[in-house]
Amino acid sequence: MALKSMTLKRVLVVDDEESIQKVVSLSLKMEANWDIVTASSGQEGIAQAELHGPDVILLDVMMPEMDGIATFEALCENPRTQTIPVVLLTAKTRTAEKRLFQKIGVAGVITKPFNPLTLASQIASLLDWPL
Amino acid sequence: MRVLLIDDDDALTALLTQQLTAQNYVVDRVADGETGWAYSSTFEYDLIIMDWMLPQLSGIHLCQRLREQGYGVPVLLLTAKDEQTDKVRGLEAGADDYVVKPFDSEELLARIRVLLRRALTEAAPVLTWGTLCLDPISCEVTYQDQPVALTAKEYALLALFLRHSQQVFGASTLLDRVWSSEEFPSEATVRSHIRGLRRKLKRAGAPADLIETVHGLGYRLKTQSLPTTHDRDLASPVQGDRQAQYLEGLTQAWRAHKGDSLERWNYLTQAAHILRTKGLTEQQRTQAQQMAHSLAGTLGTFGLMEGYRLALQLEQLLQTSALFSANQAAQFQTLVTTLGHALDESPQLVRPLEEEAPHRPKLLVLDVNETPHIRQMTALAVAQGFQTTMAASIESAALSLLPRSQNDDSSLDAPDLVLINLVAAEIDPLLDEPTQHLLLQFISQLTAVRPQLPVLVITPQADFGNRLDLIRRGGAMILEYPIIPSEVLEVITQVIYPGNRGKIMIVDDDAHHLQHVTQLLQPWNFQITPLTNPQRFWALFNEVMPDLLVLDIEMPHINGFELCQVLRSNPQWQHLPIIFLSIHGDAAKQNQAFALGADDYITKPIQGKSLAVRLQNRLRRYQACARSRQSPKLAG
């Protein structure tokens, strides 16, 4: 796959909290000027992923109704979204959980609170994108 | 506006809280005077409403204590007493207003508004320095009309510099003025906060040296003309601009969404109330846990790190406990209250891990009867930042403290201190024989396995024989019940940080020797003020107000004996420990020193450790005496 430049990335942020969507968008815009699409629930996230075909999906783990794991599984079963890498965003910090998340096939896990000045770099390094 | 309501009448406080909350006041409720004191001395309030008749410490006494300790917060006394003499007593004790029960809610709210307005108009006006402004009422700082988001400590430092714009502040003075006695910062902490403050001011466009270092003396505001565009460009590198831009966006987003976090916090407040009365259902517990989890995520993302840590602790408590003990319910309540205060902080950039929170001492409390005095003490400890674990049985304490196998490395996670309560109940404090025996056995076992771990014991039987027995079993400190919770915490702090923060002034005209002594004492973390010129003694002494004085004897102009005599001739300095450090080992000089009021006489050359231990012992006793002089009822 040809490596895209940092400025061309499109990121889908799925979090039920609007405030977190804003902060994540703010950091990614500021650091890498990426294009941001947001969704407030798992269902909306799947729909937006189908519509925009983002380069990566940042997915909150704890959401009401359809949580991050269920959303991830649905994305994997959907032929239009199954190749999009998913990075989980979670406030949980236990190592056991982190291992479990990695085992199900996500591209990476970023723990909240993240460093806003290096969030884009963290994602880029998880996905092996050039900086 | 934040209000502390202290009343043991549940129905009345529920109603009042509802009315005050409807008027947008944030209300903390506590039911007794001692907890009221703990809260009012730990948190900032705009108003305190208290009942006259309170358990443990009456409203009048609490009010007096607040005023004696310099707290100027407006106080409104609520009471059923309506004699003229009572009103006079209340107002003389320091209350600002007095409302007799039963009262009309509208009138009470009107009086509250009047008190708050009065307090605001009496507050200091906006402080300025060029285009830098600090508004003490809104707590906002701006540079060239642009908001500068500061942490509480940075704000306090800046306010101090602006209030005394001509003064140079040494690190130890800043420690005294800006940090509370419950915190344990070092001078490095001051430097790091000054750096943080400079960085933020610079990011806002201010000159990098607006707060300048005066070599060897400290820090002050720099007098200078306003920065030119060129200066400003130099002071704002790209990284700084990006951070400022991000911080501005963060602050806006927080303003727009703070309500969501407050709603979650409100849910946790309700959960804390339910916990105290009947206990949570499984559904309520899960929901509260989710609320705490989401709060942690949000607060961490916005850089409200104190709130983040508290929300994580709440989540953890809800995770581990299906059934809450009375102590855990109290701990939950305190965490929620403290979290409410943390929500008032401003957003900031998430700090890298190495700059994470300062060391928070860990306590393990073994209280088999879950007594109210331990519950209050724990609540206070949590509010003051201790990480507290409760053990309601010897087995659970043993599980965390005694190694399970030879290779057990649980000592890595060991607490800094263990508190063991040998009090059965408030009315009948004596434990039954078998329980007492098991607890004593546990103390022996614990101190044999962990000789370095300080064990503090509270007991109703503190006569000589029992004290001796406990000391032989390895107890480090024995406290006699009854004892008020804040005093237990003071002792805990003393044991964990012996001699720490003690202010020592050393006067010696030999600069080389002075430097040598200061270096020798460095590992003990005292706050040392060295002085080579005895002619500057009085000015510096009054500024530093040391807890201990070390004097050389032979010095030009004024010798050490004369300095000692001047101090001892003043009744205020009768108790101050004075130690002579001299090359003269002859008995005549030593006798003369003791006759003039010296407490100790050390002959040079000195050894670091022995000197430190002698100073530490003196300091500890002096600080304990100072405390009992301040609160004579505790001494009896």
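Remember, it's a predicted structure, so these values are computed and weren't measured experimentally. Just so we're on the same page: letters track the sequence lines, and every chain starts at 1.
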- Message: For B:Gly300 versus A:Pro113, what's the shortest heavy-atom pair and its separation?
- Response: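 That closest heavy-atom pairing would be O-CB, 3.0 Å.
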- Query: For B:Ser294, is it the side chain, the backbone, both or neither that has a heavy atom under 4.5 Å from a heavy atom of chain A?
  - Reply: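 For B:Ser294, the contact with chain A is made by backbone and side chain together.
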- Item | Heavy-atom proximity to chain A below 4.5 Å, by part of B:Ala311 |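 Contact with chain A: none, neither part.
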- Best-contacting candidate, B:Arg264, B:Gln290, B:Gln252, against chain A by heavy atom pairs under 4.5 angstrom: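 Looking at each option in turn, the highest pair count goes to B:Arg264.
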- Contact winner vs chain B - A:Val24, A:Leu26, A:Asp15, A:Ile20, heavy-atom pairs under 4.5 Å: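 Most pairs with chain B among the choices: A:Leu26.
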- Message: Is it true that, when you exclude A:Gln82 itself, more than 12 heavy atoms of the residues, nucleotides or ligands shown sit nearer than 6.0 Å to its CD?
- Response: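 For A:Gln82, atom CD is crowded (more than 12 foreign heavy atoms under 6.0 Å).
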- Query: Say you draw a straight line from CG of B:Leu250 to CE of A:Met30; how long is it, rounded to the nearest 0.5 Å?
  - Reply: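 The CE atom of A:Met30 is 9.5 Å from CG of B:Leu250, to the nearest 0.5 Å.
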- Do B:Phe302 and A:Ser19 pass the side-chain contact (heavy atoms from CB on, under 4.5 Å) test, and can you show the C-alpha distance, the side-chain angles, and the key distance before you say yes or no? CA-CA 9 Å; B:Phe302 279 94; A:Ser19 63; 3.7 Å; yes
- A:Glu17 versus chain B, heavy atoms under 4.5 Å apart: side chain, backbone, both or neither?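 For A:Glu17, side-chain heavy atoms alone lie under 4.5 Å from chain B.
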